[in-house]
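This report concerns only the one structure given below.
Hydrogens, waters and symmetry mates play no part in the numbers below; they use all other heavy atoms, side chains included.
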Amino acid sequence: IVSSVIVFFILKHILSLSFFLEGTNRFEVTLEKSNKNFSKKIQQLFVVSQYKILVSLLENNIHVHDLLTFQQITVVSKARGATLFACHLQLRMCVAVKKKLQLYYWKDREFHELQGDFAAPDIPKSMAWCQNSICVGFKRDYYLIRMDGRGSIKELFPTGKQLEPLVAPLADGKVAVGQDDLTVVLNEEGVCTQKYALNWTDIPIAMEHQSPYIIAVLPRYVEIRTFEPRLLVQSVELQRPRFITSAGPNIVYVASNHFVWRLVPVSIASQIRQLLQDKQFELALQLANMKDDVEGDKRQQIHHIQNLYAFNLFCQKRFDDSMQVFAKLGTDPTHVIGLYPDLLPADYRKQLHYPNPLPSLSGAELEKAHLALIDYLTQKRSHLVKQLNDSEPSTPSPLMEGTPTIKSRKKLLQIIDTTLLKCYLHTNVALVSPLLRLDNNHCHIEESEYILKKAHKYSELIILYEKKGLHQKALQVLLDQSTKANSPLKGHERTVQYLQRLGMENLVIIFEFSPWVLKICPEDGLKIFTEDLTEVETLPRDKVLNFLKEGFKELTIPYLEHIVHVWEETEPEFHNVLIQLYLERVQGLMKQYLNSLPEGVPAVAAGKEEGDLGEFRNKLLCFLEVSTSYEPRRLISDFPFDGLLEERAVLLGRMGKHEQALFIYVHVLKDTHMAEEYCHRHYDKETDRSQDVYLSLLRMYLSPPDVHCLGPIKMELLEPQANLMAALHVLELHHSKLNTTKAIDLLPANTQIREIRVFLESVLEEEAQRKRFDQVLKSLLQAEFLRVQEERIFHQQVKCIITEEKTCRVCKKKMGNSAFARYPNGVVVHYFCCKDRGVCPTEQ
């Protein structure tokens with residue numbers, strides 16, 4: 001505006017143009033105030049309504065006037081020679097004076113310098129504030145100057161072919177910058193915030209922002225566009241428009257050298273209806289947020305538009321974008337799933353309604369859509385699982401009003417998990433198993449069972465059954481698939497693994513489905529009851545043993561060996577049974593062995609036989625010797641008197657019947673080495689029953705007992721004979737474990753001294769050593785006694801004298817006749833003051 005007159009109008013009859021619907025309305029214009037002598041040259045005006053001031057560039061200087069009276073308030077004297085200024089909403093001002101930029105702030109009705117001047121590369125032609133930066137357009141280039149104290153300058157890009165650079169402030173603190181027929185949006189860092197630039201039909205002369213629209217004055221038109229989405233909303237033909245300004249929301253004026261026009265938008269409600277018909281949902285949402293409706297109605301309309309927008313994105317096959325919008329809206333997941341074919345039950349799918357027909361999906365498009373749905377459902381599932389324990393019901397919103405929704409979180413989770421299962425089968429089968437293994441898996445059993453069987457995914461079906469506790473169904477599938485050649489479940493391995501994980505609460509099922517494995521592969525079948533797993537180890541062993549005895553007796557020995565030797569079972573019953581089973585096998589094999597021996601050939605030593613007999617007899621002997629848990633008195637009757645004598649001798653030894661055991665070794669087996677080994681194992685000088693076991697051996701050599709008292713052994717084979725040489729050997733080797741007097745009493749009266757000379761010498765030498773040891777010990781104890789006595793006398797010599805002047809180290813009072821305590825270092829305190837006997841008061 002270049003004039004010597006400033007005029008304010010109440011505009012009533014100016015030509016009105018609609019943003020969307022063209023029309024012609026006349027407004028009355030009333031002259032309210034004028035000032036013909038305001039200035040000779042008005043270069044730039046800026047109204048600050050909140051401060052009721054008018055900032056102007058008059059004759060190349062900055063003036064501030066009262067907005068109502070036009071009375072001058074102040075002049076910025078330093079800004080003389082100014083050619084351009086830009087004001088910030090917070091009333092900060094930047095003034096261009098030749099090639100310098102001056103910064104001011106408004107306070108106390110004056111403009112004050114904000115900081116020092118900035119040197120500019122050229123004379124600014126256009127500029128605007130961008131939060132804490134200023135975007136400046138020069139003749140050839142645009143620059144961004146940061147107001148951060150350092151005044152850093154960033155070169156942006158050339159101005160293009162246009163004669164004058166164009167910089168326009170936007171309502172959100174950014175700036176629109178023109179380059180020929182393009183406009184880009186920059187933030188205070190000088191970074192473009194829009195993916196694409198706006199493209200005008202001609203080079204803009206001026207621009208004004210009326211959210212969500214940006215209005216540009218072109219040589220012949222006024223164009224109205226939107227940034228996001230990039231749309232040409234309207235083009236209005238005017239006669240040489242030059243200027244544009246905004247007087248508030250929805251109030252825009254356009255002027256030429258001869259006319260002033262006001263652009264009046266139609267109602268937002270009408271715009272929204274038109275935009276929804278044109279499927280411009282993003283713009284409709286921006287307008288809906290600007291409406292001044294009741295909050296509830298406004299929120300409901302926005303939600304409806306967002307649902308339509310998300311649905312339209314899906315129809316455009318922008319599946320990821322669509323799912324993201326649905327997730328933010330909290331739309332009922334079943335309505336979203338219903339957009340896809342064959343994912344919901346047919347009966348429920350018929351209840352759902354949509355704004356338009358659904359797109360037909362197949363092939364790669366369908367797979368892409370499924371992947372987007374998987375991401376959406378995974379996020380939704382995580383949210384629902386966290387809320388599962390909340391008492392309040394879920395409140396999903398419908399995609400279309402009037403469509404039923406599902407409020408039960410458990411029901412929603414069931415539909416979501418089942419749908420995820422179907423999607424994984426279509427896109428990535430490897431994810432099916434992890435889904436089914438989830439502890440909180442909510443897949444619908446019958447539906448999931450059907451689709452897994454249809455897809456021949458039997459391994460995954462087993463996981464489904466297992467997680468749902470349908471173990472019999474799972475094991476039946478494993479049994480059916482075990483004989484099919486091409487099945488991944490062929491064989492018995494998966495059945496064994498499954499049964500091992502069931503635990504004692506499913507013992508009946510284990511007994512029901514383990515026999516077929518035990519029959520075809522006993523070794524692997526036995527692992528059902530012997531694997532080192534907590535579930536297996538805690539099975540009731542007595543019931544397992546009875547089960548094996550009834551149908552698989554040959555496996556009872558390996559089972560008992562495992563629980564005894566590996567799991568260290570100490571229950572006597574299991575040890576007894578294992579011994580009885582060993583005995584049965586040995587007796588059966590012994591008959592075959594004796595019948596196979598040629599006449600006159602003696603049998604080999606116990607446990608040294610060839611084949612299974614030697615193996616099992618050795619196991620029996622070792623177990624009888626090693627185990628401490630079996631009950632020999634219960635087992636002794638099972639061992640015959642005419643065979644297995646070594647085993648019987650071990651049992652007699654466990655019962656403490658050393659005489660009978662030694663009789664078997666000495667007079668039946670005639671094996672002095674085994675007899676001595678027996679004594680070595682059982683000798684215990686601290687136990688009455690075992691301290692004379694070597695004496696019993698000596699007696700067995702010198703005075704064999706009456707065989708009638710030793711049990712019904714075959715009498716015709718027994719002729720016990722004394723064995724003096726063996727007895728003397730025992731005397732010589734084990735004299736320290738014998739009572740010398742009792743041993744000599746057992747010797748025959750005609751025994752020569754020279755025969756027992758070694759024995760007597762050893763005894764006498766041992767007694768002499770014991771005597772010397774006792775004498776030394778006595779001397780040491782006497783010396784210790786004398787030392788203690790000397791120390792006692794020393795301590796008893798210490799005396800403590802309490803005088804009238806003696807004071808307590810703690811309370812500082814005189815001792816008087818009170819009870820006292822004396823510390824080892826001589827400090828005396830009242831007995832009552834002695835709190836800690838280990839800490840002397842002087843050390844505190």
Side-chain angles (χ1 to χ4, degrees), residues 333-334 337 342-348 373-374 377-378 380-389 394 406-482 484 487-490 492-514 516-517 528 531 533-536 538-539:
T334 60
I337 297 170
D342 304 324
L343 291 183
L344 287 177
D347 294 342
Y348 183 74
L373 180 63
I374 288 171
L377 291 179
T378 302
K380 198 70 181 176
R381 184 186 192 281
S382 176
H383 180 69
L384 285 172
V385 168
K386 292 177 181 177
Q387 295 182 332
L388 195 57
N389 295 326
S394 177
I406 295 178
K407 295 180 173 58
S408 168
R409 290 190 180 92
K410 289 188 177 180
K411 185 69 175 176
L412 276 175
L413 280 169
Q414 189 180 67
I415 295 173
I416 287 173
D417 282 358
T418 308
T419 304
L420 280 172
L421 177 62
K422 294 178 181 180
C423 291
Y424 288 155
L425 286 171
H426 284 108
T427 58
N428 189 350
V429 179
L431 296 176
V432 173
S433 296
L435 171 66
L436 296 174
R437 286 195 179 96
L438 290 174
D439 292 333
N440 54 5
N441 157 36
H442 294 82
C443 287
H444 187 271
I445 297 175
E446 289 77 12
E447 183 77 11
S448 303
E449 181 181 39
Y450 171 76
I451 60 177
L452 289 171
K453 284 183 177 179
K454 185 178 179 181
H456 303 288
K457 300 297 179 184
Y458 293 105
S459 295
E460 290 78 5
L461 181 61
I462 299 302
I463 299 172
L464 172 70
Y465 285 147
E466 183 178 9
K467 284 297 180 180
K468 297 298 182 181
L470 303 174
H471 303 303
Q472 288 178 305
K473 277 193 168 187
L475 289 164
Q476 188 60 49
V477 171
L478 288 171
L479 177 57
D480 296 340
Q481 294 293 314
S482 65
K484 294 185 178 180
S487 173
L489 302 177
K490 184 178 183 298
H492 58 272
E493 290 79 7
R494 282 291 298 273
T495 300
V496 172
Q497 296 170 9
Y498 195 102
L499 291 171
Q500 288 171 343
R501 296 192 300 268
L502 288 181
M504 62 184 301
E505 62 274 12
N506 295 298
L507 190 62
V508 175
I509 298 176
I510 295 174
F511 288 164
E512 180 182 353
F513 285 93
S514 59
W516 75 269
V517 182
I528 298 170
E531 193 68 26
L533 297 172
T534 303
E535 295 88 348
V536 176
T538 54
L539 291 175

Item to complete: With sequence neighbours excluded, tell me which residues meet ring-ring contact (aromatic ring centres under 6.0 Å, His included) with His426.
Response: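 Listed in chain order: His370.
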Practice prompt. Taking ring-ring contact (aromatic ring centres under 6.0 Å, His included) as the test, write out the residues that go with Phe513, two or more places apart.
Written response: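 Phe513 satisfies ring-ring contact (aromatic ring centres under 6.0 Å, His included) with no other residue.
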Worksheet item: Looking at Thr334, Ile374, Leu343, which one forms a side chain to side chain contact (heavy atoms under 4.5 Å, CB included) with Thr419?
Response: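 Only one option passes, and that is Leu343.
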Between [Y] and [X], is there a side-chain heavy-atom distance shorter than 4.5 Å?
X	Y	value
Asn440	Arg381	yes
Leu479	Leu475	no
Gln472	Glu512	yes
Lys457	Val432	no
Lys422	Glu447	yes
Ile337	Leu377	yes
Val477	Lys473	no
Lys484	Gln481	yes

Worksheet item: Regarding Tyr458 and Ser487, is there a side-chain donor-to-acceptor distance under 3.5 Å anywhere?
Response: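 No, no side-chain donor-acceptor pair sits under 3.5 Å.
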Closest heavy-atom pair and its distance - [X], [Y]:
X	Y	result
Glu466	Tyr498	CA-OH, 3.3 Å
Gly503	Ile510	O-CD1, 3.8 Å
His442	Asp417	N-OD2, 2.7 Å
Leu436	Lys467	O-CG, 3.1 Å
Glu460	Ser433	CG-OG, 3.6 Å
Glu446	His444	OE1-CE1, 3.2 Å

Item to complete: Decide yes or no on side-chain contact (heavy atoms from CB on, under 4.5 Å) for Leu344 and Ile415, but give the supporting numbers first.
Response: CA-CA 8 Å; Leu344 287 177; Ile415 295 173; 3.9 Å; yes
Worksheet item: Please walk me through it: do Arg494 and Ile462 pass side-chain contact (heavy atoms from CB on, under 4.5 Å)?
Response: CA-CA 10 Å; Arg494 282 291 298 273; Ile462 299 302; 3.7 Å; yes
Once rounded to the nearest 0.5 Å, what's the spacing between atom [atom1] of [X] and atom [atom2] of [Y]?
X	Y	atom1	atom2	result
Leu452	Leu425	CG	CG	6.0 Å
Leu470	Ile445	CG	CD1	5.0 Å
Leu384	Leu413	CG	CG	5.0 Å
Asn428	Cys423	CG	SG	12.0 Å
Ile416	Thr378	CD1	OG1	9.5 Å

Worksheet item: Between the main-chain N or O of Glu535 and the side-chain N or O of Thr538, is there a donor-acceptor pair closer than 3.5 Å?
Response: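 Yes, Thr538 side chain to Glu535 backbone: donor-acceptor pair under 3.5 Å.
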Discussion item. The criterion is side-chain hydrogen bond (donor to acceptor under 3.5 Å, both in side chains); which residues satisfy it with His383, sequence neighbours excluded?
Written reply: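 side-chain hydrogen bond (donor to acceptor under 3.5 Å, both in side chains) list for His383, sorted by chain: Gln387.
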Discussion item. Counting only heavy atoms not in Asp342 (residues, nucleotides, ligands), do more than 12 fall under 6.0 Å from its CG?
Written reply: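 It does not: Asp342 CG has 12 such atoms or fewer within range.
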Fill in: Enclosure of Tyr348 OH (heavy-atom neighbours >12, cutoff 6.0 Å)
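Check passes, neighbour count above 12.
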